[in-house]
Amino acid sequence: MHTCFAQEVIDTCVEIRLWLSGEGNETHFSSLLERFSPAFTMVTLSGAQIDYEGLQTFFIQARGSRPGLRIVIDELETPLGNEDGAVVSYRERQESALGGTTMRRSTAVFTRDAQGSVQWLRLQETPCL
């Protein structure tokens, strides 16, 4: 099927892990932000809605805030997609070396930019209890 969109979830989570754990450098930051559309919006675990600018601010403030972070993705599905975009759902577990684990189910909407690169357009996170 349209595996490039599912792979984008995995690749982005690697970039996020590097950045939040403090292992990433400025190159990772640029690469990470390029994955998101300027029209990106997200509903966070707390129910807050943020846009691309809010995401950028979050990443700037959160650099290195989760040392030893581990992210595991499973139950990855692409229920809808074509060459131009897709909806991908997945379960994500985050564990920090400082303690604490979060589990969420997420649904992401992807599109392609003018150059054909895959970009995150929307993300909805729901906590798993």
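Note that the coordinates shown come from a computational prediction; the quantities given were computed from them, not determined experimentally.
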Subject >> Residues in side-chain contact (heavy atoms from CB on, under 4.5 Å) contact with Thr57, at least two apart in sequence or another chain >> reply: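 For Thr57 the side-chain contact (heavy atoms from CB on, under 4.5 Å) partners, ignoring immediate neighbours, are Gln61.
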
**OP:** List the steps, then state whether side chain to side chain contact (heavy atoms under 4.5 Å, CB included) holds for Val118 with Gln7.
**Re:** CA-CA 10 Å; Val118 173; Gln7 187 62 49; over 6 Å; no

Approximate separation, where rounding is to 0.5 Å, of [X] [atom1] and [Y] [atom2]:
X      : Y      : atom1 : atom2 : result
Phe36  : Asp113 : CZ    : CG    : 13.5 Å
Gln94  : Cys13  : CD    : SG    : 7.5 Å
Glu95  : Met103 : CD    : CE    : 8.0 Å
Thr107 : Gln124 : OG1   : CD    : 7.0 Å
Asn25  : Ser31  : CG    : OG    : 10.0 Å
Leu123 : Arg104 : CG    : CZ    : 9.0 Å

[X] to [Y] - nearest heavy-atom pair and separation:
X     : Y     : value
Pro67 : Ser96 : O-OG, 3.7 Å
Gln56 : Leu33 : CG-CD1, 3.8 Å
Asn82 : Phe5  : O-CE1, 3.3 Å
Ser65 : Ala62 : OG-O, 2.7 Å
Ser21 : Leu18 : OG-O, 3.2 Å
Glu15 : Leu32 : CB-CD1, 3.8 Å

Original post:
Would you say Arg122's side chain and Val43's backbone share a donor-acceptor pair under 3.5 angstrom?
Top reply: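 Looks like no, no N/O pair under 3.5 Å.
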
Subject >> side chain to side chain donor-acceptor pair (under 3.5 Å) evaluation trace for Thr12 with Glu8 >> reply: CA-CA 6 Å; Thr12 300; Glu8 179 63 19; 2.9 Å; yes

Treating Ile, Leu, Val, Met, Phe, Trp and Tyr as nodes and any side-chain heavy-atom pair under 4.5 angstrom as an edge, say whether [X] and [Y] lie in one connected cluster.
X     : Y     : answer
Val72 : Leu69 : no
Ile60 : Ile16 : yes
Val9  : Val14 : no
Ile71 : Ile10 : yes

Original post:
Quick one: side-chain hydrogen bond (donor to acceptor under 3.5 Å, both in side chains) pairs with a partner in residues 45-55, sequence neighbours left out?
Top reply: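 Those involving residues 45-55 are Thr44-Ser46.
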
**OP:** Assess whether side chain to side chain contact (heavy atoms under 4.5 Å, CB included) is satisfied between Arg66 and Arg17, documenting all intermediate values.
**Re:** CA-CA 8 Å; Arg66 309 244 349 247; Arg17 185 196 65 75; over 6 Å; no

**OP:** Walk me through it: do Arg112 and Glu83 pass the test side chain to side chain contact (heavy atoms under 4.5 Å, CB included)?
**Re:** CA-CA 9 Å; Arg112 290 192 185 269; Glu83 293 305 314; 4.3 Å; yes

Subject >> Whether Tyr90 and Trp120 hold their rings parallel, tilted or perpendicular, with breakpoints at 30° and 60° >> reply: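 The rings of Tyr90 and Trp120 stand perpendicular, inter-plane angle above 60°.
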
